[in-house]
Each structure stands twice: as structure tokens, then as C-alpha cells.
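Structure, as C-alpha cells:
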Amino acid sequence: MGMVLALSLNPALDLSVQLDTLVPGAINRASDSRMSPAGKGNNVACVLAAHGHAVTVSGFLGRDNAGVFERAFSDWGVTDAFVRVTGDTRINIKLAEQTGRVSDINAAGARVSADDWQQLERTLEARLQRSPAAVVIAGSLPPGVAPDQLGRLIGLVRAHGIPVWLDTSGEALLAGLAARPAVAKPNEHELAEWAGVPLTGEAERLAAARRLVESGLDELILSLGEHGVCWCYRDPDGQVAILRARPPRMPVVSTVGAGDTLLAGLLHARLAQWSREAGLRFATALSADAVRRVGVGRSDGEDFALLCEQVQIESVS
Ligand SMILES: O=P(O)(O)OC[C@H]1O[C@](O)(CO)[C@@H](O)[C@@H]1O
């Protein structure tokens with residue numbers, strides 16, 4: 001299986017706090033709290049490495065608190081090609097209540113200079129020479145990086161004939177989609193932003209997903225949270241086909257990282273050359289596993305085979 005390059009342009013340390021119920025304006029007591037190296041690209045890298053892939057991580061890391069990331073990269077067994085920038089990598093706060101509701105407070109991130117950006121482009125060029133099987137670009141853009149720079153980065157990877165798997169939001173997503181990544185993973189709100197209209201029901205969402213694939217992507221992963229995922233792709237005749245997966249109902253500890261786990265699971269299946277249905281079943285089960293823990297999903301649990309069996313898959317016409 002080939003190497004994967006996972007970019008987190010704006011990684012984060014996640015401060016995950018477990019609470020009974022969050023009462024704004026009051027002193028809240030946590031039942032548990034922990035800080036862990038994260039960010040979307042890093043989360044994807046962690047899952048892929050756990051499934052046997054050679055992964056290189058890159059993006060921008062604050063020099064002042066890089067140590068905790070360096071230890072995690074070594075534990076995960078991934079190669080660190082992050083550009084170090086001035087200051088700290090941001091801390092994002094995740095407040096998870098007993099009901100499963102999560103409130104996120106995501107910080108802006110360390111500022112990236114024009115020199116830092118050039119260094120990233122040079123790093124990327126060098127890594128692309130090693131022909132990675134895919135490049136994942138995931139998460140928000142840090143201060144100092146404009147959406148069109150993301151578009152150019154995608155263009156750079158595409159020029160090497162390497163597929164880009166993109167997961168970002170807001171203006172960055174719009175600029176990124178215009179640069180035609182192979183695969184994008186919006187959620188329903190991000191899809192509506194692209195469509196420019198509210199998408200009220202499943203039929204409207206699927207129609208927009210089809211339009212987005214037809215606009216030039218190979219595949220779209222539409223993540224629908226607890227309702228599962230729609231995987232839209234071109235069939236051999238060039239028509240857009242859709243597979244829909246529904247996960248079993250899970251006890252929720254934290255939904256943070258479930259989307260990253262889904263993307264990683266699908267990429268793992270792609271690199272292992274599994275059938276679409278097998279890949280979707282695996283990735284949906286892995287993502288379901290992620291919500292019952294703080295952090296990303298794992299496939300080494302005793303009941304993982306059962307979780308896979310419980311995923312319902314149908315083809316949508
Ligand atoms: O880059 P963004 O969009 O702020 O998201 C970062 C957050 O997303 C996550 O990767 C979960 O998807 C968290 O680990 C992290 O705090």
C-alpha cells in the first residue's frame with residue numbers, strides 16, 4: 001500500500017472536557033478532561049497509521065508547543081514533515097455533555113507568514129516526488145493563509161497526478177472545490193453553502209451532491225452525523241451513483257473526530273482495494289466506534305465485526 005501525505009494547515013491541541021450538563025455563565029465541574037494532539041489531517045493520519053499505512057504529516061506547527069505533537073507522531077508511527085512557525089499551535093475546546101451534545105470552541109491558530117508558506121510548498125514538492133498514493137488536506141486555514149492559496153496547493157498536487165482528499169469548510173471549501181480535488185467530504189451545512197440555498201430534505205441534499213460531483217469531482221462523501229453517510233461517485237458509465245450507509249445507534253461520549261475517522265476509513269478501504277460496499281461498511285462502523293470514545297475510531301475492539309454487520313447499506317437511485 002502506498003504512502004499517504006496528510007496535511008493539517010491549522011492543527012490543534014484538543015482540550016476535551018466531559019460534563020454532565022453545560023450551564024453557560026456558571027462554574028461547571030468536569031467529570032474528565034484531557035488534552036490531545038489533533039486537527040483533521042492529524043486525526044486522519046492517526047487512523048491510517050493504525051491500519052498499517054505509511055503516513056507523512058505536514059502543515060504548520062507552532063514551535064513553542066511542538067513537543068506534545070512530536071511525541072504523538074512518534075507514538076502513531078507517522079513521519080513528521082510539519083513546518084515550524086512562530087508561537088503556539090492553537091488549543092480547541094470540546095465540551096461534551098452526557099446527552100452527547102458537543103460545543104466546540106475552535107481558536108484561530110498561529111499566524112503563517114509568506115516565508116512559512118513557501119517552506120510548505122517546498123516541503124510538499126519534495127514529498128510529492130515520492131509519489132504518495134493520496135494527499136489528504138483537512139481542516140481550516142490558519143491566519144495568514146487565504147482560500148486561493150489552498151486552491152493553488154490542490155493544483156500543485158493535481159499536477160503530479162495524485163488524488164487530493166479534501167475536508168474543509170467555509171470560504172476555504174469553496175476555493176478548494178473550485179480547484180477540483182478528487183474527493184471532498186462536506187457535511188450537509190457545507191454542501192448547502194456550496195449550493196447557495198438551504199437544503200431542507202434528503203432529496204434536495206442528494207440532488208446537490210450529484211450536481212457537485214458532476215461539476216468535476218470524482219467522489220463526494222456527504223457526512224450526515226448520526227444519520228450516516230452518502231457516498232456519491234461516477235459509475236463506469238460516467239453516471240453519478242450513490243451508496244447510503246446508516247450506522248447502528250451508539251451511546252455517544254464525543255462526536256469529535258468521527259468525521260475524520262470516516263474519511264480515513266474510506267481512504268484505507270480505497271488503498272486496500274476493497275469493494276465500495278465493504279469500504280463504506282467498514283468506514284461507517286469505524287466512525288460509529290469513534291463516537292463512543294474521546295478521539296478517533298478503532299477497529300480492534302471485540303465487537304467491531306458486529307458493528308460492521310449492523311451498518312445498513314443501500315443503493316440510492
Ligand atoms: O480546523 P477546524 O475546522 O477548526 O477543525 C479542527 C477540529 O476538528 C477536529 O479535527 C475534529 O474534526 C478537531 O480535532 C479539531 O479541534
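Counting starts at 1 for both ligands and their atoms, in listed order.
- For Glu219 and Arg270, the salt-bridge test passes: some basic side-chain N is under 4.0 Å from an acidic carboxylate O.
- With sequence neighbours left out, Glu214 forms a salt bridge (Lys or Arg N to Asp or Glu O under 4.0 Å) with no residue at all.
- When each atom of ligand 1 is checked for a heavy atom of Ala38 under 4.0 Å away, the hits are 14 (O).
- Here's the thing with Ser169: none of its N/O atoms is less than 3.5 angstrom from an N/O atom of ligand 1.
- In this structure, Leu220 CG and Arg210 CZ are separated by 11.5 Å, a value rounded to the nearest 0.5 Å.
- Within ligand 1, counting atoms from 1 as listed, the ones closer than 4.0 Å to a heavy atom of Gly139 are 1 (O).
- When hydrogens are left out, the protein atom nearest atom 11 (C) of ligand 1 is Asp260 OD2, 3.3 Å; that is the closest non-hydrogen contact.
- The ligand atoms of ligand 1 that sit less than 4.0 angstrom from a heavy atom of Lys94 are 7 (C), 15 (C), 16 (O).
- Within ligand 1, the atoms closer than 4.0 Å to a non-hydrogen atom of Gly39 are 10 (O), 14 (O), numbered from 1 in the order shown.
- Below 3.5 Å of separation, one finds no N or O of Asn10 facing any N or O of ligand 1.
- Against a heavy-atom cut-off of under 4.0 Å, Asn43 is close to the following atoms of ligand 1: 9 (C), 10 (O), 11 (C), 14 (O).
- In terms of protein heavy atoms, atom 13 (C) of ligand 1 is closest to Asp14 OD2, 3.2 Å.
- Interatomic distance, Leu266 CG to Thr284 OG1, rounded to the nearest 0.5 Å: 7.0 Å.
- Note on residues 242-255: pairs passing side-chain hydrogen bond (donor to acceptor under 3.5 Å, both in side chains), not counting sequence neighbours, are Glu202-Arg244, Arg246-Glu314.
- Nearest protein neighbour of atom 8 (O) of ligand 1, counting heavy atoms only, is Lys40 NZ, 2.9 Å.
- Within ligand 1, counting atoms from 1 as listed, the ones closer than 4.0 Å to a heavy atom of Gly257 are 11 (C).
- In this structure, atom 2 (P) of ligand 1 lies nearest to the protein heavy atom Ser140 OG, 3.4 Å.
- The existence of a salt bridge linking Asp289 and Arg298 is excluded, since no basic side-chain nitrogen approaches an acidic carboxylate oxygen closer than 4.0 Å.
- At the shortest separation from atom 6 (C) of ligand 1 among protein heavy atoms lies Arg90 NH2, 3.6 Å.
- Side chains of Asn187 and Ser223: no donor on one and acceptor on the other come within 3.5 Å.
- For Asp218 and Arg180, the salt-bridge test fails: no basic side-chain N is under 4.0 Å from an acidic carboxylate O.
- Using a 4.0 Å cut-off between charged nitrogen and carboxylate oxygen, Arg34 and Asp32 count as a salt-bridge pair.
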